Amino acid sequence: MKRDYGLSIWGEENFVIEGETVNVNHGKHPSLLEITRQIREQGYKGPLLLRFPHLIRKQIDTLFGAFDRARREFGYRGKFRAVFPLKVNQFPHFVESLIEVSNGRKYGLEAGSKAELIIAMAKTPLGAPITVNGFKDKEMIALAFIAAKSGHNITVTIEGLGELETIIEVHREFNGEGSSIVAPKIGMRIRLHSSGVGIWAKSGGYSSKFGLTSTELLEAYEMLRREELIDNLSMIHFHIGSQMGEIAPLKKALREAGNIYAELKRRGAESLRAINIGGGLAVEYSQHQPNTHRNYSIKEFANDVVFAMQEIARQKGVEEPDIYTESGRFVAASHAVLVAPVLELFSQEYHERSLRLKPEGQNPPLVQELYDLYRSIRRTNAREYLHDALDHMESLLTLFDLGYIDLEDRSNTEILVNLIVKKAIRLLSKEDTDELKRLQNRIQEKYLVNFSIFQSLPDFWGLGQHFPVMPLHRLDQKPTRPASIWDITCDSDGEIAFDVDEPLLLHDIDVEEEEYFLGFFLTGAYQEVLGMRHNLFTHPTEAVIEFDEEGEWGITGLIEAQNLMDVLDDLDYDTGVIDKALKSSIEESDLIDEAEKRDLLGRLYLYLSENSYLKTIQSRESKE
Ligand SMILES: Cc1ncc(COP(=O)(O)O)c(C=O)c1O
């Protein structure tokens, strides 16, 4: 990894390294460290989720800009429209920022459940589109009718013929005698022959969970005609999967969907006017060249979509459709940065100063020999000494098991072998052998970080999706420690290890003396709502950072992570009963006097008002 932690690959110029810190490349370039410290000074400890609405605006402008340019270039007559799929991030500070920064764009929302539909109905400006996808029952369809009747531009995408029957039923109920005839627009999700891509590939292809086959499409078309709802058929929809790394599958899907659109138009679906290409526009998460995740630019993406639609419309003699996208990841990922403090380095005990060697002559001979190997290892003998050290370790551990050496000897063995391995790796760093790689893996320093992978990076846990990570400061100093990251859950899956070929190098720090923060980037899509409360670690404290016209920044929204009682309340514990149990166990104790009871109760209620994350586990906290 380059010294910039791959910022030039994944950063999209959103952040810059200036001096020793990584700064926001906007306004007066505040450093993430400065922002973090200001928030922590207000008493918020633990991980922080920083939201940057200007980065949401940037992505929306980029998306609309690319399609506007492509339409101009090709002389395309259909319009471009976009909705944000709420499943990607439903958190209020995100959605409210999204609506605010997209003002004037007629940017809408996509809903995949009743709760999301309620958000869409309440937050989408009138006139901007709402699309409704996923499986729906009668109530959900009725909600869409309510939205349409209250003036929303809403399209319900049918995923199966059963849903269409329900739409017809609800239509009859809502538009009976005496009521004004208004119904949502209808979209049809097609079951593509071409399959999806990437780890989310199941969204497309014949075995996909969603969409109508050709036979079902024709049947739906006839049903709409019979029910005189054909004028509501307005959209063809598909989605081939999220994080589409290559453009080729999209091109195939576009041809398939474009031809279905044209065929239905030619059959007489006059009101059919739009193709919704779903989401899938990928984000570059890679910190390493050449292992990048996306093989196309946004310009290429937009050009391909517009060109394909134009070609098909021309060939089949139908009007060019309006193009809808439902890009979520592309719009949301970059706006959020998770900042988490390092609490501890685990192999700091493998330090020369921790050795407890006895006076010469009193150490077991093999321990003494290890010490001599450590003192005299050089480049010329490194491989041989390394092998000797590993061999001695095996023997010494067996001697311990048999009771011949004591715990201090065993500790000296562990420290010395670790020091020898590190030295050997440094001396042999020009060699590229499997053995060396294995050893490098073994000595990755464990950085204990105050966050939960399950809560804040669930896609890493579930899918192995890596997110760019870098320290927020000391970037003018060469990092030397290949690191792996441990979270604070009691779960061995709560670790991010790095491949020896693509290591994460961090700084050697003394956590008792200094703060060290890691930033996890591109966490704004999917991670928050998929986050799990494993060990009851909750959504972290979040802050919205906005810039004024002079480029000054300020915190405009701050929501603290839930306190302990609220977490239990969410799990449906009766917190009144818990409160009573805790209180009475102190108040009714015969073992403590009144003054101590008051003190214990004071502490208890203070702790109950705080969240689950650790304050710090080092003595630094008491120095603060
Ligand atoms: C129907 C639909 N539209 C849009 C999206 C958003 O995809 P992305 O976040 O990759 O843009 C999804 C995600 O799975 C989806 O299922």
Side-chain angles (χ1 to χ4, degrees), residues 56 59-60 62-64 66-67 80-91 94-95 98 102 107-113 116-117 119-120 129-136 140 154-160 163 187-192 195-205 208-212 235-247 249-250 253-254 257 274-285 293-294 296 298 301-302 305 323-336 458-459 462-463 465 467 522-530:
I56 311 176
Q59 293 307 96
I60 295 174
T62 305
L63 181 68
F64 277 80
F67 274 93
F80 174 71
R81 296 262 181 263
V83 289
F84 179 80
L86 280 166
K87 66 167 80 71
V88 180
N89 196 324
Q90 305 96 337
F91 276 70
F94 170 78
V95 174
L98 177 95
S102 62
Y107 187 47
L109 294 171
E110 182 259 7
S113 68
E116 287 182 356
L117 182 51
I119 300 176
I130 298 176
T131 58
V132 189
N133 297 324
F135 296 112
K136 305 158 205 76
M140 188 157 167
I154 182 166
T155 305
V156 179
T157 307
I158 53 172
E159 310 274 356
E163 271 179 16
M188 296 205 282
R189 179 155 177 176
I190 54 177
R191 189 173 292 242
L192 291 170
S195 57
V197 282
I199 36 185
W200 289 272
K202 282 190 291 188
S203 312
S208 145
K209 195 169 148 193
F210 301 107
L212 303 172
M235 182 185 282
I236 290 294
H237 176 231
F238 70 89
H239 168 71
I240 63 171
S242 199
Q243 187 63 359
M244 184 181 67
E246 293 170 17
I247 197 79
L250 176 71
L254 285 167
I275 289 225
N276 180 344
I277 64 169
L281 189 47
V283 163
E284 186 52 72
Y285 292 100
H293 295 156
R294 195 179 66 190
Y296 57 91
I298 171 83
F301 175 84
V305 175
I323 294 165
Y324 279 65
T325 71
E326 294 177 339
S327 279
R329 186 184 297 276
F330 179 81
V331 170
S334 61
H335 95 281
D459 277 348
L463 299 159
Q465 171 69 60
F467 292 84
L522 302 175
T523 60
Y526 296 102
Q527 303 318 294
E528 290 181 60
V529 82
L530 289 179

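We count residues from 1, following the sequence as given. In listed order, ligands and their atoms are each counted from 1. What you see is a predicted model, and the numbers here were worked out from it, not measured in a lab.
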Part of Lys87 within contact of ligand 1 (heavy atoms, under 4.0 Å): side chain
Contact atoms of ligand 1, heavy-atom distance to Arg189 under 4.0 Å: 1 (C)
Proximity to ligand 1 by part of His239, non-hydrogen separation under 4.0 Å: side chain
Separation between CG of Leu250 and CD1 of Ile277, rounded to the nearest 0.5 Å: 6.0 Å
Mode of Phe330 contact toward ligand 1 - side chain, backbone, both, neither (heavy atoms, under 4.0 Å): neither
Those residues that, when tested against Glu326, pass salt bridge (charged side-chain N to carboxylate O under 4.0 Å, His left out) (two or more places apart): none
Contact summary for Ala525 and Arg329, nearest pair of heavy atoms: CB-CA, 3.7 Å
Salt bridge (charged side-chain N to carboxylate O under 4.0 Å, His left out) against Arg294, all qualifying residues, sequence neighbours excluded: Glu12
Single hit among Thr131, Asn133, Asn276 for side chain to side chain donor-acceptor pair (under 3.5 Å) with Glu110: Asn133
Ligand 1-proximal atoms of Glu159, by part, heavy-atom distance under 4.0 Å: neither
Proximal ligand 1 atoms for Gly328, defined as those under 4.0 Å from one of its heavy atoms: 8 (P), 9 (O), 11 (O)
Numbering as shown, the atoms of ligand 1 that approach Glu326 to under 4.0 Å (heavy-atom distance): 1 (C), 2 (C), 3 (N), 4 (C), 5 (C), 6 (C), 11 (O)
Contacting atoms of ligand 1, where contact means under 4.0 angstrom from a heavy atom of Arg329: 8 (P), 9 (O), 11 (O)
Sub-4.0 Å heavy-atom approach of Met244 to ligand 1: no
Gly280 heavy atom under 4.0 Å from ligand 1: yes
Intermediate values then yes/no, ring pair (Phe, Tyr, Trp, His ring centres under 6.0 Å), Phe84 and Phe330: CA-CA 10 Å; Phe84 179 80; Phe330 179 81; over 10 Å; no
Smallest separation among heavy atoms of Pro85 and Ser327, with atom names: CD-O, 3.5 Å
Spacing of Asn89 atom CG and Leu98 atom CG [to the nearest 0.5 Å]: 9.0 Å
Sub-3.5 Å N/O-N/O distance, Tyr526 and ligand 1: yes
Element-labelled atoms of ligand 1 that are located less than 4.0 Å from some non-hydrogen atom of Asn133: 1 (C)
Ligand 1-proximal atoms of Pro85, by part, heavy-atom distance under 4.0 Å: side chain
Separation between CZ of Phe135 and CD1 of Ile158, rounded to the nearest 0.5 Å: 12.5 Å
Ser327 N/O under 3.5 Å from ligand 1 N/O: no
